[in-house]
**Q** 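Next up is a structure, given as structure tokens.
Numbering starts at 1 and runs along the sequence shown. Just so you know, ligand 1 is whichever comes first in the structure, and atom 1 is the first atom listed for that ligand.
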Amino acid sequence: MQGEMEDKCGIVGFHSKDESKDVASLVYYCLYALQHRGQESAGMATFNTNVGLSHHCGMGLITDVFDNDLIQNLPGHMAIGHVRYSTTGQSRLENSQPFVTDFGDGFIAMAHNGDIVNSDELRNELINEGFYFKSDSDSEVICYLLKKEHYDNKKDILDAIEAVCDRLVGSYALTILVDGELYGVRDPMGIKPLAIAKRDDDYILASETVAFDVINAKYVRDVVPGEVVYFKNDEINSHMLESAGKCKLSHCMFEYVYFARPDSTIDGINVYETRVNIGKQLHELYPIDADVVIPVPDSSIPAAIGYSRASGIPYGEGLIKNRYVGRTFIMPTQEERELAVRLKLNPIKDAIKGKKIILIDDSIVRGTTSKQLLDLVKEAEPAEIHFLVGCPPVMAPCYYGVAMATKKELIAANYTVEEIQEQLEIDTLGYITLPALVKAIGMPKENLCLGCLNEEYPTEIPDGLEAETYYKP
Ligand code: AMP
């Protein structure tokens, strides 16, 4: 079994040199801006020189987990925060983050975005050495490795981080509070995003630049793959891991396709622009004669705009999303699961009836959403449905935290495009191709992780490692 999923989470780190300042409310807003990266749980750890470490985590959205009183009870000029993504796995408070370990001579608090593929092996090693685990989370594994190297083996903190990273196989963007300092770490392949911003004299780390915009912080740069950053002496201090620059860069393509907010810029590439380009590429591949281009809101809006611009076919809203259904919830019966799609999306019947429509979605993973969605659209009686998809067929699981699904569940791993089109009973099914996607992102193919599309994974995958699947209405 895979070490319990950290998956596609959102992380934040905040460093102020003003020891009298409390930064928890600012971290709260940053996490709020990253809510799309995880809705299952949220948490924050803060450090104040007099009070020491404070910590609060809870299940649910950021607004469910924190209120004003709780924020007031998190004093400190340093803080880290986390929003956790939901999968079909166990949803437990113990797995919420930041993970905090507090012992005689020190503490470590850590927020992790990513997935460590060898975490089972590392966990067993630590258990044999006497470590007792409270959660299934990879961050607990990383925390204890760091404790061992820094506090038990008395390594300098940077050497300790180096030694820990040397053992980790997989993806990790980390914010760490240790010894009253904030550290940010990005894995040498750069699978997960992490960026740095400045606000007056304060430094902020976050998974996406939207977290900076909300508190009016100025983006400085991305953390370089394989870099450890910290903020002593009023500046960004940098330590490059031994492995930095020695392995293939592997930025996750799915951040651009679906996961990140369109108003974020990751590794110098604007997500919105990429999605508009995806729409343009879809038009080059499938120049279809139609009356209207309709997005599946919200993630496919830029791609539909791109298709519309390239083709001259009007862009039109045809599906309205209920903005209050964002949160995953348990739907035990099939009837309820079907109802959930209707609750989330509703067609504007007059905008669809009798029209030749190009419907654009960001991706098909298991195919269940598309089936239900197309049933809804068909009820509005379009003349033709041309369904275009902004991600090539997802053929294989992700082991680095996207929680795509297992191979058994992935529709494209089990059926040809023609068969899927038949199942969906539509006039066209057109996926973007891999070269067209790479072109839309505008990054060399070698710098992207495309493992879920072509099974070329950037690390070894241990035998028997199970993939996660996500849960969503
Ligand atoms: P399905 O094909 O039923 O698995 O659903 C695919 C849709 O779910 C896509 O259009 C995305 O909007 C969304 N999606 C894709 N991947 C994920 C993921 N890893 N977690 C949550 N939602 C996702």
Side-chain angles (χ1 to χ4, degrees), residues 2 5-10 35-40 83-89 91 113-115 171 191-192 252-262 271 275 278-279 282 294-304 319 321 325-329 331 334 337-338 340-342 344-345 359-377 387-415 417 420-421 423-424 426 429-432 437 449 451-453 467-473:
Q2 188 174 17
M5 43 293 172
E6 246 82 289
D7 301 301
K8 285 264 176 195
C9 304
Q35 185 76 82
H36 62 289
R37 296 185 72 85
Q39 298 96 45
E40 185 177 283
V83 284
R84 183 170 188 267
Y85 176 68
S86 139
T87 70
T88 49
S91 164
N113 172 208
D115 216 329
S171 62
I191 299 181
K192 301 293 172 193
C252 170
M253 67 85 199
F254 210 58
E255 291 281 350
Y256 296 103
V257 164
Y258 168 73
F259 206 74
R261 257 174 61 166
V271 177
R275 292 185 189 162
I278 284 175
L282 282 171
I294 295 174
V296 178
D298 291 324
S299 48
S300 309
I301 292 173
L319 289 162
K321 183 170 172 180
V325 187
R327 188 132 169 230
T328 52
F329 51 93
M331 293 156 297
Q334 180 62 22
R337 279 194 287 272
E338 275 166 25
V341 174
R342 288 180 177 273
K344 191 164 187 176
L345 290 170
L359 187 65
I360 301 199
D361 204 353
D362 57 83
S363 57
I364 301 179
V365 181
R366 298 160 306 188
T368 41
T369 311
S370 326
K371 247 180 236 141
Q372 291 166 353
L373 172 77
L374 286 161
D375 284 347
L376 269 185
V377 170
F387 189 43
L388 303 182
V389 187
C391 179
V394 177
M395 307 294 286
C398 172
Y399 296 101
Y400 307 109
V402 178
M404 285 290 193
T406 59
K407 208 157 185 172
K408 221 170 49 232
E409 296 166 293
L410 292 169
I411 192 163
N414 296 287
Y415 299 97
V417 176
I420 301 170
Q421 182 176 332
Q423 288 176 23
L424 296 176
I426 47 179
L429 172 63
Y431 284 92
I432 196 167
L437 174 65
C449 176
C452 61
L453 308 178
E468 299 291 346
T469 191
Y470 59 93
Y471 200 78
K472 112 184 226 282

**Q** Between Glu255 (side chain) and Tyr258 (backbone), is there a donor-acceptor pair under 3.5 Å?
**A**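 A pair under 3.5 Å: no.
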
**Q** Tell me which part of Ala405 gets within contact of ligand 1: side chain, backbone, both or neither, using heavy atoms under 4.0 Å.
**A** neither

**Q** Quick one: look at Thr368 and ligand 1, take heavy-atom pairs under 4.0 Å, and tell me if it's side chain, backbone, both or neither.
**A**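 It is both backbone and side chain that touch ligand 1.
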
**Q** When only distance counts, is Ser299 in polar contact with ligand 1, meaning an N/O pair under 3.5 Å?
**A**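 It does not: no N or O of Ser299 is found under 3.5 Å from an N or O of ligand 1.
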
**Q** In terms of atom number and element, which parts of ligand 1 are under 4.0 angstrom from non-hydrogen atoms of Ser363?
**A** 6 (C), 9 (C), 10 (O), 11 (C), 15 (C)

**Q** Check Gly401 against Cys398 and note the closest heavy-atom contact, atom names and distance.
**A**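 Scanning both residues, the minimum pair turns out to be N-SG, 3.6 Å.
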
**Q** Taking Asn414 for the side chain and Lys407 for the main chain, is one N or O donor matched with an acceptor at less than 3.5 Å?
**A** yes

**Q** Between Arg366 and Glu409, is there a salt bridge with N-O shorter than 4.0 Å?
**A**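 So Glu409 does not pair with Arg366 through a salt bridge.
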
**Q** With heavy atoms of Phe254 as the reference, note each atom of ligand 1 found under 4.0 Å away.
**A**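 This gives 15 (C), 16 (N) as the contact atoms.
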
**Q** Identify, by atom number and element, the atoms of ligand 1 in contact range of Ala403, meaning under 4.0 Å from any of its heavy atoms.
**A**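 Taking each heavy atom of Ala403 in turn, ligand 1 has 19 (N) under 4.0 Å.
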
**Q** Ligand 1 and Val365, any nitrogen or oxygen pair closer than 3.5 angstrom?
**A**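 It does: an N or O of Val365 is found under 3.5 Å from an N or O of ligand 1.
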
**Q** Report yes or no: does Phe259 have a heavy atom closer than 4.0 Å to ligand 1?
**A**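 No, that is not the case, since the closest heavy atom of the residue is not under 4.0 Å from the ligand.
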
**Q** Decide yes or no for Ile426 and Gln421: does some side-chain heavy atom of the first lie under 4.5 Å from some side-chain heavy atom of the second?
**A** yes

**Q** Are the side chain of Arg275 and the backbone N or O of Ser300 linked by a donor-acceptor pair below 3.5 Å?
**A**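 Checking the backbone N and O of Ser300 against the side chain of Arg275, no donor-acceptor pair under 3.5 Å is found.
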
**Q** Students often mix this up, so state it plainly: with edges at 30° and 60°, are the rings of Tyr85 and Phe259 parallel, tilted or perpendicular?
**A** perpendicular

**Q** Would Met404 count as a polar contact of ligand 1, with the cut-off being nitrogen or oxygen pairs under 3.5 Å?
**A**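 Such a contact does not occur with ligand 1.
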
**Q** Do Ile364 and Tyr431 come within less than 4.5 Å of each other through their side chains, counting heavy atoms only?
**A**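 Touching, per the 4.5 Å side-chain cut-off.
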
**Q** Which of the atoms in ligand 1, numbered in the order shown and given with their element, are less than 4.0 Å from a heavy-atom of Asp361?
**A**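 Answer for ligand 1: 10 (O).
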
**Q** Nearest non-hydrogen atom to atom 3 (O) of ligand 1 belongs to which of Leu373, Thr369, Ile411?
**A**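 Looking at heavy atoms only, the winner is Thr369.
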
**Q** Which ligand 1 atoms, with their elements, are less than 4.0 angstrom from a heavy-atom of Tyr85?
**A**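 Taking each heavy atom of Tyr85 in turn, ligand 1 has 18 (C), 19 (N), 20 (N), 21 (C) under 4.0 Å.
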
**Q** For the NZ atom of Lys192 and the OG atom of Ser171, what is their distance to the nearest 0.5 Å?
**A**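 Here the rounded value is 4.5 Å.
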
**Q** Can you list the ligand 1 atoms lying under 4.0 Å from a non-hydrogen atom of Asp362?
**A** 9 (C), 10 (O), 11 (C), 12 (O)

**Q** Is it the side chain (CB and beyond), the backbone, both or neither of Val402 that lies under 4.0 Å from ligand 1, heavy atoms counted?
**A**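 Within the 4.0 Å criterion, Val402 contacts ligand 1 through backbone and side-chain atoms alike.
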
